[in-house]
Amino acid sequence: TIFYNVMMKSLRNGKQWEVLEELAMEMIEKGIQLDNVSYSTIITCAKRCNFFDKAIEWFERMYKTGLMPDEVTYSAILDVYAKLGKTEEVLSLYDRARADGWEPDAVTFSVLGKMYGEIGDYDGIQYVLQEMRGIGIKPNLIVYNTLLEAMGKAGKPGLARSLFDEMIRSGLQPNVITLTALIKIYGKARWARDAFELWEEIKSNNWPVDFILYNTLLSMCADLGREEEAEKLFDDMKKSELCKPDSWSYTAMLNIYCNGGEVEKAHELFREMLGSGNKLNVMSFTCLIQCYGRAKRFDDVVEVFNIMVERGVRPD
RNA sequence: UUGGACGUAGA
């Protein structure tokens, strides 16, 4: 069994669903017992290959064999239903499993929290927090990250901040994902002051930073029209080793200049981007085309479009 | 180390 499980794991990493399923069928034909590791590997492979129906099919097959799912298999299948947006199924499966004496763990709650975040269900998030406390599970870093982001999606930036504070008080160090999520939440709440305060705190605490975090700050600046701060951040990126600007960074900067009507700056930056060796994407072209369109520079619109086609970027 | 959960852009 372990041999097959290891095989299936590597197939899963290569997203080879068809081959993996054949192997699983072979196990059944040869009478080799599938255990929870086998089933959870099968389920997550199907999920990663977007064959959600297959994931459910295999879970039901497991159920029929009478093998009890363990906490890993449960979270794996709950995540499948959650990603399908089948909230009812998630909850009924959760309740049924609880009734069978199953003890959920931190991963379970991050799956549930993520689901409620996606639908912006504040009461759902509270339910997760309450269940977690009731069972006596201490949230780990990922659970905090998930719930914090969910609070943001439910339109509760203040509560997201409270969770962040609670996390720090509990002695957990935030990672770059925590910080990026918070910055995005503050940006969407138009809390620029809080976001920049957090940015200072990040630097003074030596908390981790990467190019995605920078990009998140840049998009916030774009949304809120904070050109000066953005230019400073963009400059930092160019000077840094690990956080070089990518096409997302350029797109954010182009947005700032376009929204500010600074067509020349946008044009100059666009040239820089073309020469930067970055993979180009539709977003930056879309932005620039709009910019020229608004400035009634239609010859430039055509030129940008032609460059886009030349560079092999497909319009969507 | 046989298996599960988290972060960035345009219209």
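Chain identifiers are assigned alphabetically (A, B, ...) following the order of the sequence lines, protein sequences preceding nucleic acid strands; residue numbering begins at 1 within each chain. Keep in mind that what you see is a predicted model, and the values were worked out from it rather than measured.
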Quick one: does A:Asp35 reach the base of B:rG3 with a side-chain donor-acceptor pair under 3.5 Å? no

Among B:rG10, B:rU2, B:rC6, the one nearest A:Glu149 by side-chain distance: B:rC6

When rounded to whole Å, the CG to C1' distance for the pair A:Asn215 and B:rG10 reads 14 Å

Nearest of B:rA9, B:rC6, B:rU2 to any side-chain atom of A:Lys83? B:rC6

Measuring to OP1 and OP2 of B:rC6, would you say a side-chain N or O of A:Lys184 lies under 4.0 angstrom away? no

B:rG3 P sits how many Å from A:Ile77 CD1, rounded? 19 Å

Roughly, in whole Å, what's the span from CD1 in A:Ile202 to C1' in B:rG7? 12 Å

Which listed nucleotide (B:rG4, B:rU8, B:rC6) is nearest to the side chain of A:Asn145? B:rC6

Just call it for A:Ala252: base, sugar-phosphate, or nothing, with non-hydrogen atoms closer than 4.0 Å on any strand. nothing

Would you mind classifying the nucleic acid contact of A:Thr73 as base, sugar-phosphate or nothing, using non-hydrogen atoms under 4.0 angstrom? base

Once you apply a heavy-atom cut-off of 4.0 Å, does A:Lys153 come out as touching a base, just sugar-phosphate, or nothing? nothing

Heavy atoms only, 4.0 Å cut-off, all strands: where does A:Ser110 land among base, sugar-phosphate and nothing? base

Classify the side chain of A:Asn140 versus the base of B:rA5 as yes if they form a donor-acceptor pair under 3.5 Å and no if they do not. yes

Side chain of A:Thr41: nearest nucleotide among B:rG3, B:rG4, B:rU8? B:rG3

Before accepting this row, confirm whether a basic side-chain N of the pair A:Arg98/A:Glu131 lies closer than 4.0 Å to the acidic partner's carboxylate O. yes

Please state how far atom CH2 in A:Trp207 lies from atom P in B:rG7, giving the value in whole angstrom units. 20 Å

Distance below 4.0 Å between A:Lys114 side-chain N/O and B:rA5 OP1 or OP2: no

Is it true that A:Glu166 and A:Arg133 have a side-chain N and a carboxylate O under 4.0 angstrom from each other? yes

Rounding to a whole Å, what distance do you find between A:Ile43:CD1 and B:rG3:C1'? 10 Å

May I ask you to verify whether the side chain of A:Thr180 and the base of B:rG7 hold a donor-acceptor pair under 3.5 Å? yes

From the list B:rG7, B:rG4, B:rU2, which nucleotide is the closest neighbour of the side chain of A:Thr44? B:rG4

Give A:Leu213 one of three labels, base, sugar-phosphate or nothing, depending on what nucleic acid heavy atoms sit under 4.0 Å from its own. base

Identify whether any heavy atom of A:Gln290 sits under 4.0 Å from a base atom; if not, whether one sits that close to sugar-phosphate; answer base, sugar-phosphate or nothing. sugar-phosphate

d(CG, A:Asn259; P, B:rA9) in whole Å: 15 Å

Need one value for A:Asp316: base, sugar-phosphate or nothing, where a base atom within 4.0 Å counts as base even if backbone is also close, heavy atoms only. base

Given B:rU2, B:rA9, B:rG4, identify the nucleotide with an atom nearest to the side chain of A:Val37. B:rU2

Would you call A:Lys232 and A:Asp236 a salt bridge, taking side-chain N to carboxylate O under 4.0 Å as the test? yes

So if I take every side-chain heavy atom of A:Val282 and compare against B:rG10, B:rG3, B:rG4, which nucleotide ends up nearest? B:rG10

What nucleotide among B:rG3, B:rU8, B:rG4 has an atom nearest to a side-chain atom of A:Ile212? B:rU8

For A:Asp246 and B:rG10, what is the distance between atoms CG and C1' respectively, to the nearest whole Å? 15 Å

Out of B:rG10, B:rU8, B:rA5, which nucleotide sits closest to the side chain of A:Thr216? B:rU8

When you measure from the centre of the six-membered ring of A:Tyr122, is the NZ or CZ of A:Lys156 under 6.0 Å away and within 45° of the axis? yes

Phosphate-side-chain proximity, A:Arg12 and B:rG4, N/O vs OP1/OP2 below 4.0 Å: yes

For A:Arg226, is there an ion pair with A:Glu231 - N to carboxylate O distance below 4.0 angstrom? no

Evaluate whether atom CZ of A:Phe3 has more than 12 neighbouring non-hydrogen atoms of other residues, nucleotides or ligands under 6.0 angstrom away. no

Mark yes or no for a side-chain to base donor-acceptor pair under 3.5 Å between A:Asp105 and B:rG4, with no hydrogen or angle criteria applied. yes

Is there, by distance only and without an angle test, a donor paired with an acceptor across the side chain of A:Asn281 and the base of B:rA9 below 3.5 Å? yes

Answer with yes or no whether the hydrophobic clustering places A:Tyr74 together with A:Tyr94; edges join I, L, V, M, F, W, Y residues whose side-chain heavy atoms lie under 4.5 Å apart. yes

Length of the line joining A:Phe234:CZ and B:rA9:P, which is rounded to integer Å: 17 Å

